[in-house]
K.L.:
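Have a look at the structure that comes next, please.
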There are 2 protein chains.
Amino acid sequence: MAVKRADAQRSIAAILQAAVDALSRDPDASVSEIAKVAGVGRVTVYGHFPNRADLVDAALAHAIEQAHPGLDDVDLTGDPGAALTRLIESSWQLVDRSRSLLIAAQNVLPPSRILDLHAAPAERVRKLVERGRDEGAFRTDLPTEWLVGVLHSVMHHAADELNAGRLESGQAAGYIAVTVLAAFSPISG
Amino acid sequence: MAVKRADAQRSIAAILQAAVDALSRDPDASVSEIAKVAGVGRVTVYGHFPNRADLVDAALAHAIEQAHPGLDDVDLTGDPGAALTRLIESSWQLVDRSRSLLIAAQNVLPPSRILDLHAAPAERVRKLVERGRDEGAFRTDLPTEWLVGVLHSVMHHAADELNAGRLESGQAAGYIAVTVLAAFSPISG
DNA sequence: AGCAACTCAAACACTGGTGTTCAATTTACG
DNA sequence: CGTAAATTGAACACCAGTGTTTGAGTTGCT
């Protein structure tokens with residue numbers, strides 16, 4: 001299987017993108033649904049991915065890989081609070097879109113695999129928070145991991161509120177930033 | 001069907017409790033599993049609940065009803081921050097235990113029904129936050145609903161961290177309280 | 001004691017998913 | 001152009017769940 005033929009490569013790309021789309025809507029999306037979205041026969045999917053779990057794995061990896069370049073453009077220098085606000089602004093929708101996909105992955109992949117796939121993007125955030133702590137902009141009476149988790153948690157909450165129609169798309173990033181910055185501030189702010 | 005016989009009542013109680021337990025572990029728990037936990041035949045379950053959805057509904061209602069008295073004991077008067085801390089202390093584990101059950105309910109019940117079942121306990125928290133805002137203890141530049149949601153979100157995050165072994169059971173309530181109080185504080189604290 | 005209510009295992013039909021095989025057709029590529 | 005690769009729907013076996021029926025056995029109630 002030295003090199004795939006061009007139509008095979010096209011199929012694989014379509015299936016991968018379809019898997020990301022379908023699983024982002026419904027973490028339990030069946031192989032049939034994914035095939036339909038990809039505009040491809042179900043058998044073709046099994047021709048390229050041995051089983052559903054491997055397909056989900058590939059889809060998650062694909063989504064993360066796609067997200068990387070966009071996030072690399074964010075300026076994380078300067079005032080940590082402002083940097084965090086910029087990061088939130090450009091990543092919270094992305095994090096949300098991946099959420100359903102992540103659930104799909106958690107249902108079929110071992111936790112260690114999930115952790116591996118997320119290592120790179122998670123590290124970026126951790127670094128920024130670390131720097132904020134070092135420079136006295138963020139509190140140090142709580143572990144870095146906890147603060148990062150709270151950030152994620154609040155972003156997901158905003159996504160939920162948006163989905164439920166209780167929050168306008170334009171407000172969300174501001175709400176998240178204002179909330180998290182307060183939560184991250186040193187005590188005698 | 002005026003009055004159930006004693007053994008029927010016993011069965012129903014066992015099934016209800018088993019449903020709460022099983023669904024709190026796995027939101028996809030099958031009727032068979034629930035029956036097994038209840039120490040009862042699967043057919044007996046169908047004898048008392050027409051289908052799985054109705055059973056999940058009853059289980060959620062049961063769990064909420066059980067939780068009520070314990071939470072009614074919490075003193076919500078005095079300094080809003082302190083009151084919130086007390087409420088967190090005595091309710092965050094409870095909220096977590098219900099989370100998986102809530103997911104089960106969301107999978108089979110209409111959103112309106114979920115909202116109905118949660119109305120009473122949710123109101124208690126909303127009231128406290130409202131009072132905190134009125135008294136100047138909590139910020140008013142964000143909607144009450146948002147603040148309440150952030151509280152929930154951070155509690156769930158703590159539960160996740162606990163499950164993942166990254167947080168000690170004793171620390172959790174403190175982490176939540178310290179984080180949320182900071183997030184709730186008026187800007188020029 | 002006797003009857004109705006209850007319990008339960010076994011068997012059934014049904015649904016919806018996974019993963020495989022096959023034979024026919026289309027398509028890329030040298 | 002010819003061949004090997006790729007795609008396809010149809011059919012298949014399999015599994016796990018839901019919900020029902022049956023018939024025999026047990027248990028509460030009066």
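Proteins come first, then strands; the chains are lettered A, B, ... in the order of their sequence lines, and each starts at number 1.
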K.L.:
Can you list every pair that meets ring pair (Phe, Tyr, Trp, His ring centres under 6.0 Å) and has a residue in residues 92-141 of chain B, with sequence neighbours left out?
P.N.:
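Sorted pair list: B:F138-B:F184.
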K.L.:
Is it the case that more than 12 heavy atoms not belonging to A:Q171 sit under 6.0 Å from its CD atom?
P.N.:
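Above 12, so yes.
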K.L.:
Tell me: NZ of A:K36 to C1' of D:dT8, nearest whole Å?
P.N.:
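That distance rounds to 15 Å.
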K.L.:
So which of residues 15-33 of chain B are in contact with DNA chain C, with a heavy-atom cut-off of under 4.0 Å?
P.N.:
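Contacts with DNA chain C under 4.0 Å: none.
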K.L.:
Tell me whether the side-chain N/O atoms of B:S11 come closer than 4.0 Å to OP1 or OP2 in C:dC6.
P.N.:
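Checking C:dC6 against B:S11, no side-chain N or O comes under 4.0 Å of OP1 or OP2.
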K.L.:
Enumerate the residue pairs fulfilling salt bridge (Lys or Arg N to Asp or Glu O under 4.0 Å) with a member in residues 52-67 of chain A, sequence neighbours excluded, ordered by first and then second residue.
P.N.:
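Every pair satisfying salt bridge (Lys or Arg N to Asp or Glu O under 4.0 Å) with a residue in residues 52-67 of chain A: A:D57-A:R113.
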K.L.:
Evaluate whether atom CD of A:Q17 has more than 12 neighbouring non-hydrogen atoms of other residues, nucleotides or ligands under 6.0 angstrom away.
P.N.:
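Atom CD in A:Q17 is crowded, with more than 12 foreign heavy atoms closer than 6.0 Å.
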K.L.:
Does B:I15 sit in a hydrophobic cluster with other residues, and if so which ones, taking ILVMFWY side chains as linked at heavy-atom separations under 4.5 Å, directly or through other members?
P.N.:
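The other cluster members (ILVMFWY side chains, heavy atoms under 4.5 Å, direct or chained) are B:I12, B:L16, B:V20, B:L23, B:V31, B:I34, B:V40, B:V45, B:Y46, B:F49, B:L55, B:V56, B:L60, B:I64, B:L101, B:L102, B:V108, B:L109, B:I114, B:L117.
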K.L.:
Could you tell me which residues satisfy side chain to side chain donor-acceptor pair (under 3.5 Å) with B:T44, sequence neighbours excluded, listed by chain and number?
P.N.:
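B:T44: no side chain to side chain donor-acceptor pair (under 3.5 Å) contacts found.
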K.L.:
Which pairs count as ring pair (Phe, Tyr, Trp, His ring centres under 6.0 Å) when at least one residue sits in residues 146-165 of chain A, sequence neighbours excluded?
P.N.:
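Passing the test, one end in residues 146-165 of chain A: A:W146-B:H157, A:W146-B:Y175, A:H157-B:W146.
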K.L.:
Within the sub-3.5 Å range, which N or O atoms of nucleotides 28-30 of chain D have a protein N or O partner, and how far apart are they?
P.N.:
from, atom 1, to, atom 2, distance (Å)
D:dG28, OP1, B:R10, NH2, 3.0
D:dG28, O4', B:R5, NE, 3.4

K.L.:
Name the atoms and distances for all side-chain donor-acceptor pairs under 3.5 Å in residues 68-75 of chain A, with sequence neighbours left out.
P.N.:
from, atom 1, to, atom 2, distance (Å)
A:D72, OD1, A:R124, NH1, 2.7
A:D75, OD1, A:T77, N, 3.0
A:D75, OD1, A:T77, OG1, 2.6

K.L.:
Kindly state which residues belonging to residues 44-54 of chain B come within less than 4.0 angstrom of DNA chain C, counting heavy atoms of the residue only, listed by number.
P.N.:
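By residue number: B:T44, B:H48.
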K.L.:
For DNA chain D, what residues of residues 98-111 of chain A have any heavy atom nearer than 4.0 Å?
P.N.:
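Per residue number, the list is empty: none.
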K.L.:
Rounded to whole angstroms, how far apart are CG on A:L55 and C1' on C:dG17?
P.N.:
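So the two atoms are 15 Å apart, to the nearest Å.
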K.L.:
Would you call B:E130 and B:K127 a salt bridge, using N to O less than 4.0 angstrom?
P.N.:
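B:K127 and B:E130: not salt-bridged.
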K.L.:
According to side chain to side chain donor-acceptor pair (under 3.5 Å), who are the partners of A:S32, at least two apart in sequence or on a separate chain?
P.N.:
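A:S32 satisfies side chain to side chain donor-acceptor pair (under 3.5 Å) with no residue once adjacent residues are dropped.
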K.L.:
Return the 5'-most residue of the pair B:Q9, B:V43 with respect to DNA chain C, ranking by each residue's nearest nucleotide.
P.N.:
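This one resolves to B:Q9.
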K.L.:
Is it true that B:R126 and B:T144 share a donor-acceptor pair across their side chains at a distance under 3.5 Å?
P.N.:
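Distance-only check fails for B:T144 and B:R126.
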K.L.:
Do B:S24 and B:S100 have a side chain donor and acceptor closer than 3.5 Å?
P.N.:
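Checked: B:S24/B:S100 side chains show no N/O donor-acceptor pair below 3.5 Å.
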K.L.:
Would you kindly check whether a donor in the side chain of A:R42 faces an acceptor in the base of C:dG19, or vice versa, at under 3.5 angstrom?
P.N.:
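Looking at the base of C:dG19, it does pair with a donor or acceptor on the side chain of A:R42 (distance under 3.5 Å).
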K.L.:
Could you work out, with side chain to side chain donor-acceptor pair (under 3.5 Å) as the rule, every residue matching B:D160, not counting sequence neighbours?
P.N.:
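By the side chain to side chain donor-acceptor pair (under 3.5 Å) rule, B:D160 matches B:R99.
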